Student: 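Okay, here's the structure, questions in a sec.
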Amino acid sequence: MITVALAGNPNCGKTTLFNALTGATAHVGNWPGVTVDKREGVCKKGEQPINVVDLPGIYSLSPYTPEEVVARNYILDSKPDCVINIVDSTNLERNLYLTTQLMEMDVPVVVALNMTDELEKRGDKIDSKLLEERLGMPVVRISAFTGYGIKDLINRTISTAKHPRKGISVLASTSISDAISEVAERMKDEISSPVFHAIKLLEGDSVERSVHKKSASYADKLLLTFNDKIFGKDIEALVANARYDYVTANYSPALTRKDGSGAKLTKSDKIDRVLTHKVFGLPIFALILFAIFHLTFAEDFLFLGAIIPSFGEWCGAVTAESPALGILFSSGLNSPGVMLFNALDLLTSTISGGVAGGLESVGAAEWAVGLVNDGILGGLFAVLSFLPQIVLLFFFFSMLEDSGYMARVAFILDRIFRRLGLSGRAFMPMIMGFGCSIPAMVNTRTLADEKERTATIRVIPFFSCGAKLPILTAIAGGMIGAFGLGQISDLIVTLMYILGMFFAFVAIVIMRSTTMRGDITPFIMELPDYRAPGAKTTAFHLWDKVKHFIKKAFTIILASTIIVWFLSHFTWNWQFVSDEKMGLSILSSLGMLVQPIFTPLGFGAQLGSAGWVFAVGAVTGLIAKENVIATLGTLASAVVSGFTANEALEGVDAVEALIGATGITGAGCIAFIMFNMLTIPCFAAVAAAKAEIPKGKFKWTLLFWIASSYIAGTAIYTVGEFIWPVAIWLAVIAVATAVIIWFNKKNPKKVLRTA
Amino acid sequence: MGAIEIVIICIAVAIVGGVIGLALWRKAKGKSSFCDCSGNCASCKSCPSKSPRKTK
């Protein structure tokens, strides 16, 4: 089976092509740097199967970034049979810069002109025949998104891979050409791609020099007497300039632009004038975020019930009359997210009621009905009922990502991030953290500075992932019901997200001023054109999320709820206890043991006899965050007298009942949310962090998560509950700031490089 | 204890045992992924690996 590598600039469509070739569903996004490592798949669409390797996006084959090292090492060391160089037709000249470097390697190359449909929409044209003649390599017009030209690309790749190719250089007419030939001649017997290695050695490439020491000193000797008229001894600049000159002179004629299109503002440019505006850019982003949360969580859509009181009253009346109409209305018109939530809730209630009735009719014992209804279905449905809102939320995030807007937000936030000690590049992993911490942590590989990367990984769990959404929604909904706060659950959820981000930024400032001091790498990100999100890509994104959630629900969460039910209904002597005597259970005694730890956070010893449920929920959340609400759902029907199993089907009702039974305050509820948001993430995320963080720093990372969540929870509870501790916290902040300033003055940073 | 109760207990034990057993088995086997994605494979249907290599 032949092996083909996909190489090209960031965001030129490599992963889209990889998916089109292999039928895979790897994550694609409209921003540079989605792929940080290579991935493999098999294409079975041609006359013979092809092993396809998707490489991260690169601008050059110089080892400036980890992605460039990965791509370069793969092509040089693994020696694929052919390289498909994906070229973004809408940025032809810049993309061909990499092509001129691939040409220097002893590997067959096929150039795939991607996004030709977009180019033609603009009115521009590429003469692919002329380009093929000038490059001396096959050129195929494709659209990885629509599938146009893929068959042709596969066939030409298979035929090209059969003919070995020797590397050639486009630097023949430059002043350095003689030196290149001499070094290449010397290396040709030792290694393949001698032309490529020779150029890199003359450029002073650190990786090449450490591997080919003898040839490096030979190159140094040649350069002793070398002095270019313009670039002097700066060979790297000379080579880069010569490549661009060559591309402009030889390949650009293949591109015919529509008259005046170069000078005109594109549609993307016009949109950017508003969305990336210096003053309005950030408020627009905040407004978009609120709109998303409003569409997902609001029970008074567009505030119609509040604006038109008669409509609000009518909604309340029809909801009380008919449960089916309760799907559409509450105190106003429900948002689409709430409608879906209510619809699923109605379905799960019916299922649970049917199962309970069925078990009772066949004469099942009370404990067996309890295990199935409260233990299994109660916990499971408490989590599953949030699935529609999770899907809707990620639908909107996926839209923003695929449209290219998220790349703009990284650009807008770079100014702020730089003040915090990070580059704007760190924004993309953080935003990915809203989906799942694991891929977000892996994506931090795009950050060059190790300390910046470690600091970013540590705060990624603070960006509330999909698994934490049920905690936010259920507690917010429960608080509204228990404290009569009105329909503001969307506002509470939005504020919780913002609070999580606030703590992330505070933690970043502290880390980057103390233990994680380091360089801020310059932020250069190509802003992709705005594109209409594809239905297929969006469907893949959502399916990935749904599949992951359902898989967890029917494995870890299901098993956990059974264990929780078992521990809450058996004593240390293996005696079954009914709901009324749950205080004697194993879980109760363990819960009461850890409960005092959470006293400063408002859900510890100050709560009533059933207060241990919140402590148990927080502990079970360490396995998977969905467990928190699943646990509360399972325990509510047992702990709260008069609370029946059917009511426990959704987390909101369970939390509301527990708030009433335990006497937890509003500040305690917020502290509970914040503790779960900031503390050690789920097992899988901890494993990902361990793999990505340097060895010695992992145990400190665990400590950091515990300390951050505990301190933040304590601050929220004490300030929210008593007000006067504000003075203490302000004093603590003042002392901490003074210590940091003093520490930094005593230990000045050796190198500070800013862009 | 009737047949219904025994079936319910068996299912509950099978779920808990299955999940814990699978987790232990995966732990013993080591993280496996073909493409160095640390097991976060985005449902790559065409992964050519019959027995994925260990990355750790």
Side-chain angles (χ1 to χ4, degrees), chain A residues 1 15 18-19 21-28 36-44 49 51-54 70 358-359 362-365 367-369 371-372 375-376 436 438-439 441-442 540-541 543-544 547-548 554-563 565-566 683-684 687-688 690-692, chain B:
Chain A
M1 186 159 55
T15 306
F18 176 79
N19 288 347
L21 288 171
T22 62
T25 55
H27 187 94
V28 292
V36 290
D37 212 336
K38 61 181 189 293
R39 68 165 73 82
E40 299 187 26
V42 175
C43 170
K44 294 169 187 166
N51 184 30
V52 186
V53 181
D54 181 22
V70 169
L359 284 173
V362 294
W367 67 263
V369 179
L371 172 60
V372 174
I376 299 175
C436 178
I438 300 160
M441 286 173 179
V442 176
F540 278 147
H541 282 180
W543 170 237
D544 209 31
K547 195 182 66 180
H548 184 66
F554 284 95
T555 51
I556 298 171
I557 295 157
L558 189 57
S560 301
T561 52
I562 293 170
I563 293 169
W565 183 89
F566 174 81
F683 279 177
K690 195 179 176 190
E692 299 297 328
Chain B
M1 193 184 289
I4 294 279
E5 286 83 356
I6 292 170
V7 170
I8 289 170
I9 286 179
C10 287
I11 291 171
V13 170
I15 291 168
V16 176
V19 171
I20 294 173
L22 192 69
L24 291 175
W25 179 69
R26 279 190 180 161
K27 176 94 182 158
K29 202 171 153 254
K31 275 183 194 168
S32 56
S33 80
F34 185 76
C35 52
D36 286 346
C37 62
S38 308
N40 300 305
C41 185
S43 62
C44 184
K45 283 187 281 187
S46 60
C47 188
S49 177
K50 292 275 190 303
S51 55
R53 69 166 182 257
K54 287 183 180 179
T55 56
K56 297 281 157 206

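Numbered from 1 within each chain, the chains take letters A, B, ... in sequence-line order. Small disclaimer: the values here were computed from a predicted structure and weren't measured.
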Student: Counting heavy-atom pairs closer than 4.5 Å to chain A, which one of B/Ile4, B/Val16, B/Ile20, B/Leu22 comes out on top?
Tutor: B/Val16

Student: Quick check: do A/Val42 and A/Met1 have side-chain heavy atoms less than 4.5 Å from each other?
Tutor: yes

Student: CG of A/Asp54 to CG of A/Asn19: how many Å apart, nearest 0.5 Å?
Tutor: 8.0 Å

Student: Within a strict 4.5 Å, meaning less than it, do heavy atoms of the A/Glu40 and A/Val52 side chains meet?
Tutor: no

Student: If I take atom NZ from residue A/Lys690 and atom CE from residue A/Met441, how far apart are they, to the nearest 0.5 angstrom?
Tutor: 14.0 Å

Student: I want to check something: taking the side chain as every heavy atom from C-beta on, are A/Ile376 and A/Leu558 in contact at a cut-off of under 4.5 Å?
Tutor: yes

Student: For A/Ala365, does its backbone N or O pair with a side-chain atom of B/Glu5 as donor and acceptor, under 3.5 Å?
Tutor: yes

Student: For A/Trp367, which atoms come within 4.5 Å of any heavy atom of chain B: side chain, backbone, both, or neither?
Tutor: side chain

Student: What's the shortest heavy-atom distance between A/Thr22 and A/Cys43, and which atoms?
Tutor: CG2-N, 4.2 Å

Student: Which residues, numbered in order, of residues 6-14 of chain B come under 4.5 angstrom of chain A by heavy-atom distance?
Tutor: B/Ile8, B/Ile9, B/Ala12

